[in-house]
Amino acid sequence: MSLNLQHDMSNRESDSYNPSTVEERWQREWEKRGTNSLTLEQLQSAKNPYYQLMMFPYPSAEGLHVGNIYAFTGADVHGRFMRMQGLTVFEPMGFDAFGIHSENFALKIGTHPMDLIPANVKNFTRQLRRIGGMFDWKHSLNTTDPSYYKWTQWIFLKLFEAGLAEQKKAPVNWCPSCMTVLANEQVIAGACERCRTPVEQREIKQWFFKITDYAQRLLDNLAHIDWSETTLKAQSNWIGRSEGARLKFSVVHPDGHGTGHSIEVYTTRPDTVFGATYMVLSPEHPLVDTVTSNEHRQTIAKYRAEAKQSDLVTRQKIDQLKTGAFTGGFCQNPATGENIPIWIADYVLMDYGTGAIMAVPGHDQRDFEFATAFDLPVERVVAGPDEDADTPLLEAYVGPGSLVNSGHFDGTAVPESVRVLTEWAEENGWGEATVNFRLHDWCISRQRYWGPPIPIIHCDACGSVPVPEEHLPVILPRVEDFKPDDSGVAPLARAEEWYRTPCPECGAEAQRETDVSDTFLDSGWYFLRYPSTDFEDSPFDPEITRRWLPVDTYIGGNEHAVLHLMYSRFLTMVLKDLGHLDFEEPYRVFRAHGLIIADGAKMSKSRGNVIIPDPIIEEFGADAFRIYLMFLGPFEEGGDYRTEGIQGPFGFLHRLWDTVLNASEGPPDPSVERKVHQTVKQVTKQIPQLGYNTSIAAMMECLNTIRSGGRRATRTEVEPIIAIIAPFAPHIAEELWDHLGHEESIFEGSNWPSYDESKIVEDTVNVAVQVNGKLRGTITVSRSTAEEDVIIAARAEENVARYLDEAEERRVVHVPGRLVNFVVG
RNA sequence: GCCGGGGUGGUGAAAUUGGUAAACACAGGGGACUUAAAAUCCCCCGGGCUAACGCCCUUCUGGGUUCAAAUCCCAGCCUCGGCACCA
């Protein structure tokens, strides 16, 4: 029979599916017709605007990798689906091309980044077109383009004017290999995120954005935004809000007389203050010199020097022995009135809380370890159940209980005790309730070359003067020797003719800031720029921004859960407060996609399991590759890439092609039609939930049904399938759509098929029959069969009957359309 | 250590959210077509017992709830992410 069909279609025999021909044709057509680009007029007046965003790539020399394509395809499927629903979808793509990545690579191969980046961008653009994304290339952007970073600098100025940018000398993480300052976020377990070199501590003047001013708001808003749960959790952990108290301890002479100095500590357990038997300052604490006695000065100086050298590397290792040194100074425990010694130790960090702690070795494990190491007294002030004031402590007790050895607070239960003791401290003027955040201010300056210059001019008379807006952009000059050195001074300091400039305020000779800004500042606002790239005189056009933002759906990797996503939320909030935006959360919906792994491990050059996409696309086509990637597993969980796996989707597209080309006119077969409607329904429901793998499986199943027994399909059966596959395989969908006689692109107009609920219901159902919960047979009954008749039929089933004969029926459970369960005993 | 995600065939994974476990694919085996290969098509494919109808076992392990558990509860093991001396 299939032979006969082949014969019928002999005029079509040469038209077997050839992905590259089809894909080239449609990529050309889209370009020619402007299918994927919005006009300025559309941007200004679209009735149903939908902003589909994905994370723009850093254009590496290696080109797009499978992970990029996976992420972009997942977002593109969603965007194309929304478009077919009749929305005007804006799906831009750009390049995050500044930063240390490009700079390091340029240094390595000895090419200037200004030459390297355009070549990489060109290659990326070619590859991005090849995968068939619905990208609006008329509204692309590149962060290294002066017309873009002009506005990055403008944002810096806005924060500067608002008092949210400040320069201060700060102990910073210094990577001796990259020769640059790293943000705390770029330090992983004491080592540089990029090169794994242990980080040192240095004091350098740095520009900071005061993101901590927004900590509470950044945290509170997490309750209202529709983001992936894991991302929300990561953000909230990163902000790290904790409630506690600041307690003031007076510094005293050994004889108990006050020195006039006092030290504040931060604690989440003010209720254990009676058990504070010593105090520990961070080695960098400003009062260390003040409290140190002459005979201890040398030891302290030595310890501080050691701490500085090893700093974040060893300091962040938990499982090491506690070290420290006694200052010779004392302070008074405000609760007990007793003098307690002041130590310094590197387990106390200067940049958390106040950089000083009251040590309660009885109820804090770190303090306990320190006290044990240096033979300091351990006092019990909390007794758990079955314990009393004298139960010895073999380790810190942190569980529930009530206070002991705490004067008239004895007996207060622990959660209550925190409040009571804080109030007591407040009444007596030595403490107050405080909220503390783990989040640090954002250090945005880099002593590197490949970034936008920070638009500040340093004048001896006027101080730090912002570059006037009309002088923006401050163009990054071409400096041939841009290699960073150990001095901690940025390469731009070598461009004397560039940095020498008159002060905008007094006209005196002054110098430009030679630090450049962090890449995360570039990517912190790019989504605002995309819809307004037609405008040169403002970063984002107010009218267009009102129409298109916030972003409707943002899909990206969870590796940016804290940094990029936090910074862009912060900048959006600031711009709102300054009156430039009327919303404060940039992304309505954010979904984190999973990771593509190969051979059970993350793809990486060092593992040698990186898959290069180009040859696969060449052989099987972008459509098959897209489907395969989306078919691997749940999009939000990622999947394991196997080279052979693409055969499935590839064969599927071949069969789809043949089926459509051989389709006849005529009415659909009722049972096939039912399957088609079921499939349309399922895919319609699952795409918005990113249930791509199951959508594809449903379409495969549907095509199997259409073709079952070698039957020839009708046009009405296949047409909806072409439409619902279109978001996944846009090229073949266009070609087949065209073949069926449609003039316009399948993506123009609302071509998503509707389904008819009444055509979905089956007239007969299979009902499982169980005896005591074990499957003993199945029966097929008409959907409308009355319950009692279903049970009669079930009881009559041959195999079931064997089990029912033997025992007494106690109960019958009937789940309509699903099963009958006889409970016998 | 803390916070998340997850453990289902040889493999990637499904499972209407408590109702026939393994859909859809990959790999493997067998067959058809072909001079041959590729492509395509058809059949088999969790384990055990059986000539067969069937039966027993099976969703990391052990308990529990229920007529019914991959799904809910308790305990434990493993794994992958994130944070981590954060007071």
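Proteins come first, then strands; the chains are lettered A, B, ... in the order of their sequence lines, and each starts at number 1. Predicted, not measured: the structure shown is a model, and the values here were computed from it.
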K.L.:
Looking at the angle O4'-C1'-N9-C4 for a purine or O4'-C1'-N1-C2 for a pyrimidine, is B/G9 syn or anti, with syn meaning within 90° of 0?
P.N.:
syn
K.L.:
Report the distance from atom NZ of A/K685 to atom P of B/A15, rounded to the nearest whole Å.
P.N.:
13 Å
K.L.:
Tell me what A/N799 touches on the nucleic acid: a base, only sugar-phosphate, or nothing, going by heavy atoms under 4.0 Å.
P.N.:
sugar-phosphate
K.L.:
Select one nucleotide: of B/G19, B/A87, B/C83, the one nearest the side-chain heavy atoms of A/R438.
P.N.:
B/C83
K.L.:
Kindly indicate whether the side chain of A/R818 and the base of B/U16 share any N or O donor-acceptor pair separated by less than 3.5 Å?
P.N.:
yes
K.L.:
Between the side chains of A/Y303 and A/T323, is a donor N or O closer than 3.5 angstrom to an acceptor N or O?
P.N.:
yes
K.L.:
B/C83 and B/A14: how far apart are their C1' atoms, nearest whole angstrom?
P.N.:
33 Å
K.L.:
Which part of the nucleic acid, if any, lies within reach of A/D367 when heavy atoms closer than 4.0 Å are counted: base, sugar-phosphate only, or nothing?
P.N.:
nothing
K.L.:
Suppose we define a pair by two distances each less than 3.5 Å, Watson-Crick or G-U wobble; what does B/C72 pair with here?
P.N.:
B/G64
K.L.:
Need one value for A/R810: base, sugar-phosphate or nothing, where a base atom within 4.0 Å counts as base even if backbone is also close, heavy atoms only.
P.N.:
nothing
K.L.:
When you check the phosphate oxygens OP1 and OP2 of B/C2, does a side-chain N or O of A/N237 lie under 4.0 Å from one of them?
P.N.:
no
K.L.:
For B/A15, give its Watson-Crick or G-U wobble partner with both distances under 3.5 Å, or none.
P.N.:
none
K.L.:
Are any side-chain N or O atoms of A/Q365 and backbone N or O atoms of A/A396, one a donor and one an acceptor, separated by less than 3.5 Å?
P.N.:
yes
K.L.:
Quick one: label A/N558 by what it contacts on the DNA or RNA (base, sugar-phosphate, nothing), any heavy atom closer than 4.0 Å.
P.N.:
nothing
K.L.:
Just wondering, more than 12 heavy atoms not from A/E644 lying within 6.0 Å of its CD?
P.N.:
yes
K.L.:
If pairing requires Watson-Crick or G-U wobble contacts with both distances under 3.5 Å, which nucleotide is the partner of B/A23?
P.N.:
none
K.L.:
Donor-acceptor pair, A/N662 side chain versus A/D658 backbone, under 3.5 Å?
P.N.:
yes
K.L.:
Rounded to whole angstrom, note down the C1' distance from B/U58 over to B/G5.
P.N.:
25 Å
K.L.:
Take atom P in B/C24 and the same atom in B/U71, then report the distance between them in whole Å.
P.N.:
24 Å
K.L.:
What interatomic distance, in whole Å, is found between P of B/A25 and the corresponding atom of B/C77?
P.N.:
40 Å
K.L.:
Say we look at B/U59 and B/G4: how far apart would their C1' atoms be, to the nearest angstrom?
P.N.:
23 Å
K.L.:
Which of these nucleotides, B/U20, B/C24, B/A87, is closest to any side-chain atom of A/I357?
P.N.:
B/A87
K.L.:
From CG of A/L629 over to P of B/C24, roughly how many Å is that when rounded to an integer?
P.N.:
22 Å
K.L.:
Can you tell me the distance, in whole Å, between the NZ atom of A/K675 and the C1' atom of B/C24?
P.N.:
10 Å
K.L.:
Taking B/A75 as the reference, what is the distance to B/C80 when you measure between their P atoms (whole Å, please)?
P.N.:
24 Å
K.L.:
For the side chain of A/K322, counting heavy atoms from C-beta on, which of B/C85, B/A14, B/C24 is nearest?
P.N.:
B/C85
K.L.:
Among B/G12, B/A84, B/G19, which is the nearest nucleotide to the side chain of A/L632?
P.N.:
B/G12
K.L.:
Can you check the A/I791 CD1 to B/G19 P distance for me, whole Å?
P.N.:
19 Å
K.L.:
NA contact type, A/R241, heavy-atom cut-off 4.0 Å: base, sugar-phosphate, or nothing?
P.N.:
nothing
K.L.:
Taking only the side-chain nitrogens and oxygens of A/R776, find out if one of them lies under 4.0 Å from OP1 or OP2 of B/C55.
P.N.:
yes
K.L.:
Is the terminal nitrogen or CZ of A/R569 (NZ for Lys, CZ for Arg) located under 6.0 angstrom from the six-membered ring centre of A/W238 and within 45° of that ring's axis?
P.N.:
no
K.L.:
Could you tell me how far apart A/E701 (CD) and B/A13 (P) are, to the nearest whole angstrom?
P.N.:
19 Å
K.L.:
Please tell me which of the listed nucleotides, B/A13, B/G4, B/C86, lies nearest to the side chain of A/K233?
P.N.:
B/G4
K.L.:
Looking across every strand, which nucleic acid part, if any, lies under 4.0 Å from A/T694 by heavy atom: base, sugar-phosphate, or nothing?
P.N.:
sugar-phosphate
K.L.:
Do you know which two heavy atoms are closest between A/P341 and A/L376, and how far apart they sit?
P.N.:
CG-CD2, 4.2 Å
K.L.:
Starting the side chain at C-beta, find the nucleotide from B/C41, B/C67, B/A13 nearest to A/R811.
P.N.:
B/C67
K.L.:
Between B/U20, B/G12, B/G19, which nucleotide gets closest to the side-chain atoms of A/F631?
P.N.:
B/G12
K.L.:
Taking any heavy-atom pair under 4.0 Å as a contact, classify A/P649: base, sugar-phosphate, or nothing.
P.N.:
nothing
K.L.:
Sticking with atom C1', work out how far B/G76 lies from B/A87, rounded to a whole angstrom.
P.N.:
32 Å
K.L.:
Where the side chain of A/K774 is defined as all heavy atoms beyond and including C-beta, which of B/C56, B/A13, B/A87 is the nearest nucleotide?
P.N.:
B/C56
K.L.:
Closest nucleotide of RNA chain B for A/L595 versus for A/G638: which of these residues is on the 5' side?
P.N.:
A/G638
K.L.:
Does B/U11 count as syn, meaning its glycosidic angle lies within 90° of 0, or as anti?
P.N.:
anti
K.L.:
Starting at the 5' end of RNA chain B, which residue's closest nucleotide do you reach first, A/L775 or A/N821?
P.N.:
A/L775
K.L.:
Checking side-chain hydrogen bond (donor to acceptor under 3.5 Å, both in side chains) for the pair A/Y266/A/S242: CA distance, chi angles, key distance, verdict?
P.N.:
CA-CA 10 Å; A/Y266 173 74; A/S242 79; 2.6 Å; yes
K.L.:
Base, sugar-phosphate, or nothing: which does A/R366 touch, judged by heavy atoms less than 4.0 Å apart?
P.N.:
base
K.L.:
Looking only at the side chain of A/Q647 (C-beta and beyond, no hydrogens), which of the listed nucleotides B/C26, B/A87, B/G54 gets closest?
P.N.:
B/C26
K.L.:
Please name the nucleotide paired to B/C83 by Watson-Crick or G-U wobble geometry with both distances under 3.5 Å, or report none.
P.N.:
B/G1
K.L.:
When rounded to the nearest 0.5 angstrom, what distance separates CZ in A/R269 from OG1 in A/T422?
P.N.:
11.0 Å
K.L.:
Nearest whole angstrom, please: distance from the C1' of B/A14 to the CD of A/E637.
P.N.:
12 Å
K.L.:
For the pair A/N766 (side chain) and A/T780 (backbone), establish whether a donor and an acceptor sit closer than 3.5 Å, ignoring hydrogens and angles.
P.N.:
no
K.L.:
For nucleotides B/C57 and B/A68, find the distance between their P atoms and express it as a whole number of Å.
P.N.:
14 Å
K.L.:
So, OP1 or OP2 of B/C41: does either fall under 4.0 Å of a side-chain N or O from A/R707?
P.N.:
yes
K.L.:
Write down the distance between CD1 (A/I597) and P (B/G6), rounded to a whole number of angstrom.
P.N.:
15 Å
K.L.:
Closer than 4.0 angstrom, basic N to acidic O: yes or no for A/R674 and A/E762?
P.N.:
yes
K.L.:
A/Y352 side chain N/O closer than 4.0 Å to the phosphate oxygens (OP1, OP2) of B/C85?
P.N.:
no
K.L.:
Of all the nucleotides listed (B/A27, B/G12, B/A87), which has the minimum atom distance to the side chain of A/E644?
P.N.:
B/A27
K.L.:
Between B/C83 atom P and A/E559 atom CD, what is the distance in whole Å?
P.N.:
12 Å
